[in-house]
Number of protein chains: 2
Amino acid sequence: MVKPVTPDIRRTLTLRDVSEASGVSEMTVSRVLRNRGDVSETTRERVLEAARRLGYVPNKIAGALASQRVNLVGVIIPSLSNMVFPEVMTGISDVLEDTGLQPVVGVTNYLPEREESVIYEMLSWRPSGLILAGLEHSAASQAMLAQAGVPIVEIMDIDGTPVDSAVGISHRRAGRQMAETIVAAGYRRIAFLGTQMPNDHRAKKRLAGFEEALGREGLLLADREFYSGGSALLKGREMTEAVLKRSPDVDFLYYSNDMIGAGGLLYCLDQGIDVPGRVGLAGFNGVELLDGLPRRLATMDACRLDIGRLAAEIIAGKRPDGIVGGEIIELSPTLQPGDTIRKV
Amino acid sequence: MVKPVTPDIRRTLTLRDVSEASGVSEMTVSRVLRNRGDVSETTRERVLEAARRLGYVPNKIAGALASQRVNLVGVIIPSLSNMVFPEVMTGISDVLEDTGLQPVVGVTNYLPEREESVIYEMLSWRPSGLILAGLEHSAASQAMLAQAGVPIVEIMDIDGTPVDSAVGISHRRAGRQMAETIVAAGYRRIAFLGTQMPNDHRAKKRLAGFEEALGREGLLLADREFYSGGSALLKGREMTEAVLKRSPDVDFLYYSNDMIGAGGLLYCLDQGIDVPGRVGLAGFNGVELLDGLPRRLATMDACRLDIGRLAAEIIAGKRPDGIVGGEIIELSPTLQPGDTIRKV
DNA sequence: ATCTGCTATGTTACCGCTAACAGCCATTTG
DNA sequence: CAAATGGCTGTTAGCGGTAACATAGCAGAT
């Protein structure tokens, strides 16, 4: 009862083709291909054989419309070239892998209006959930998220009010903690070097926390320098040179990320500057790159893998004890002192 | 004629809701929201106002099924943490941005069976096109791609036979060219350091081309070292140390990528080894990171941005003069000699 | 022999939207 | 003034699947 394949006229195949080729109803084919419901072993094999032979690929568009179920999870991040988001993605993929859910990535380039349109686009595919970086969104974005009717997880940051769930660290606290460590190590003339990104709220919060903790010790930032665009490593060098020339008495450089910190470290070593004696250095993120540097930059791990994992677990409904939504998970970043802060 | 909104019972909204709220047919609403067909200015505004007020987000699943058009382009790459693919993505996004097409990323981790399932998954969403890295795929993957009935662009590599179109460089030739340059500069005891990845076909082709060109000069690789996993920068250091200890007479180190090359460079500088006098170094890719290093590593730009751009143009039907498919575009990587090869 | 309960398969009615076409009205045209 | 035109809006029939229910066998219980 096996109809011959006619490979000449190339319409795209449907369930009906497989159904005719295998001599059972479309419904039965559908059941076989989804492993759902009882199908006898013989028909199952006949159907699978026919599907394979024809090269049938199910149409998820139609399936999703009919079943009102979409196995996609939207992931909205500011940038891919950041080193930090690929690792978050890894955590997400790890967890989703065995749930049948699939991540779909959208990139905003730190632009709120881009974010808005990416959210709109994503929601128009009716995904099973949305993971997005940050707690700061435009009013329109907030409204869409609140209306979406699917789990929303805001990641990276927890200093604020999430729409639904949140997983991240307190960047404010991270900044404070770093400041306390630096001051405890005896540094007093401290400069900040960071990105000139009006929409990098997390870097801003770290700086705010940092200055707050300095303030408690009666200190002010001795200098500050911002950059935008270009190679982070190179910019780190340039900014470091600029700051050290402008403020020769500075004894600590706090960088908003590890890449520019690494550039600063390389610059100091090149110049024969005593690190951490003459100046101390610290970055943020705990990127793998640092392992290969001549000296280990002090940094703070942002728990990126765990953030990804936990966010995915929330979407996948894998959180323990039937926690449903509106969960806020604060992770504790660990400070890695490395070799660029004086030992007390 | 504006019906009141009932925000209490949260069904997900459909065209019908907007239609009722604005007093026109669903079809007219659809036309307004897609900017298609003639609609009077007054109804257009009334509809838009209602849609905004309700917070309506169209259901693309239904739209795609009805119109048989999907504005998604699948992009399948081996890894996100590679530095190289984010840049390809940037090129793709740049071009797709103003075409209404949207990239959807899938990651294979260099596993053919993962690739197979990602291709299947992607095709089941009936995208407008597929961009995927490399020319080597399983038989099943090849079959699916050939059947897909949409433009397929294989990127990065052109040493082989594409299913449809291809955009990339010849890695074999890139390897040859680097070997010729190195030999011309007077180096004779040359070692290769690379990743232990059975499925990184492009690195393999570079090495093959490299050895071929060495062979023509009557040379053989003096040593070789492979690694897998871990921080590439750190591994670069370790491998370099291992090779230089094992084969002290080696005078050139060719790395399969810039990250391990950068690690090697840092190691040599640490050890006070004369670069490029005592040993020369070269990597591959032209990553931005190198700009910040104390010395510029010799490398070869892989044209990643252009590859992304051209691939997207093929999918978007933007290629000049009505070229339709089956196009093979070979780009020429430029050799950047940097400061780690002796000047002749 | 009839009834029950199960397994394996088929039938029907959508899912939410859009292509294609049909209709209506106000203008313009011959 | 009837017919043609063109701008705007509505109606109908799917797109390719799946949920829910219906049905056909068939074994074992009564």
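Every chain is numbered from 1, with letters handed out A, B, ... down the list of sequences. Values below: every heavy atom of this structure, side chains too, minus hydrogens, waters and symmetry copies.
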*Asks:* Hey, is the main chain of E115(A) close enough, under 3.5 Å, to the side chain of T108(A) for a donor-acceptor pair?
*Replies:*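 Between the backbone of E115(A) and the side chain of T108(A) there is no qualifying donor-acceptor contact (under 3.5 Å).
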*Asks:* Rounded to the nearest Å, what distance is computed from the CZ atom of residue R16(B) to the P atom of nucleotide dT12(D)?
*Replies:*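 Whole-Å distance recorded here is 13 Å.
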*Asks:* Is a salt bridge present between E313(A) and R309(A), judged by a nitrogen-to-oxygen distance below 4.0 Å?
*Replies:*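 R309(A) and E313(A): not salt-bridged.
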*Asks:* If you assign V57(B) and E41(A) each to the DNA chain C nucleotide with the nearest heavy atom, which residue ends up on the more 5' nucleotide?
*Replies:*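 Nearest-nucleotide comparison on DNA chain C picks E41(A).
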*Asks:* Which part of the nucleic acid, if any, lies within reach of R36(B) when heavy atoms closer than 4.0 Å are counted: base, sugar-phosphate only, or nothing?
*Replies:*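 Answer is nothing: R36(B) stays at 4.0 Å or more from every strand.
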*Asks:* Looking at S30(B), does any N or O in its side chain come under 4.0 Å of the phosphate oxygens OP1/OP2 on dT18(C)?
*Replies:*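 The answer is yes; a side-chain N or O of S30(B) sits under 4.0 Å from OP1 or OP2.
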*Asks:* Please report, rounded to the nearest Å, how far the P atom of dC24(C) is from the CE atom of M27(B).
*Replies:*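 From M27(B) CE to dC24(C) P: 19 Å.
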*Asks:* Looking at dT18(C), I'd like to know if its phosphate oxygens (OP1 or OP2) sit under 4.0 Å from a side-chain N or O belonging to R69(B).
*Replies:*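 No.
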*Asks:* Whole angstrom is fine here: how far is it from CD1 in I61(B) over to C1' in dT18(C)?
*Replies:*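 So the CD1-C1' distance, I61(B) to dT18(C), works out to 15 Å.
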*Asks:* Could you state the NZ-P distance from K60(A) to dT18(D), rounded to the nearest angstrom?
*Replies:*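 K60(A) atom NZ is separated from dT18(D) atom P by 10 Å.
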*Asks:* Nearest-Å distance, CZ (R126(A)) to P (dT18(D))?
*Replies:*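 Roughly 19 Å, once rounded to whole Å.
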*Asks:* Given that A66(A) and D38(B) both sit by DNA chain D, which one's nearest nucleotide is further toward the 5' end?
*Replies:*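 Result: D38(B).
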*Asks:* Side-chain N or O of Q68(B) less than 4.0 angstrom from OP1 or OP2 on dG16(D)?
*Replies:*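 Checking Q68(B) against dG16(D): at least one side-chain N or O falls below 4.0 Å of OP1 or OP2.
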*Asks:* When you measure from the side-chain N and O atoms of T28(B) to the phosphate of dG10(D), is any distance below 4.0 Å, counting only OP1 and OP2?
*Replies:*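 Indeed, a polar side-chain atom of T28(B) lies that close.
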*Asks:* Between the side chains of K318(B) and D98(B), is the shortest nitrogen-to-carboxylate-oxygen separation below 4.0 Å, so that they form an ion pair?
*Replies:*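 Result for this pair is yes, salt bridge flagged.
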*Asks:* To the nearest Å, give me how far apart CG (L65(A)) and C1' (dA19(D)) are.
*Replies:*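 It works out to 13 Å between those atoms.
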*Asks:* Would you say R34(A) has more than 12 foreign heavy atoms packed within less than 6.0 Å of its CZ?
*Replies:*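 Enclosed: over 12 neighbouring heavy atoms sit under 6.0 Å from CZ of R34(A).
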*Asks:* Nearest heavy-atom pair of L65(B) and A62(A): which atoms, and what distance?
*Replies:*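 That closest heavy-atom pairing would be CD1-CB, 3.8 Å.
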*Asks:* Without decimals, in angstroms, what is the distance between R34(A) CZ and dG16(D) P?
*Replies:*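 Going from R34(A) (CZ) to dG16(D) (P), I get 17 Å.
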*Asks:* Is the shortest side-chain N/O distance from T14(B) to OP1 or OP2 of dC15(C) below 4.0 Å?
*Replies:*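 For dC15(C), OP1/OP2 do not have a side-chain N/O of T14(B) under 4.0 Å.
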*Asks:* What is the distance, to the nearest angstrom, from the CG atom on L13(B) to the C1' atom on dC17(C)?
*Replies:*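 The distance from CG of L13(B) to C1' of dC17(C) comes to 15 Å, rounded to the nearest Å.
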*Asks:* Of the nucleotides dT9(D), dC15(D), dG17(D), which has the atom closest to the L15(A) side chain?
*Replies:*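 Nearest listed nucleotide: dG17(D).
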*Asks:* Please confirm whether the shortest side-chain N or O distance from Y56(A) to OP1 or OP2 of dG17(D) is below 4.0 Å.
*Replies:*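 Checking Y56(A) against dG17(D): at least one side-chain N or O falls below 4.0 Å of OP1 or OP2.
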*Asks:* Let's see if you can work this out: which of dT11(C), dC17(C), dA19(D) has an atom nearest to the side-chain heavy atoms of S25(A)?
*Replies:*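 In terms of side-chain proximity for S25(A), the closest of dT11(C), dC17(C), dA19(D) is dT11(C).
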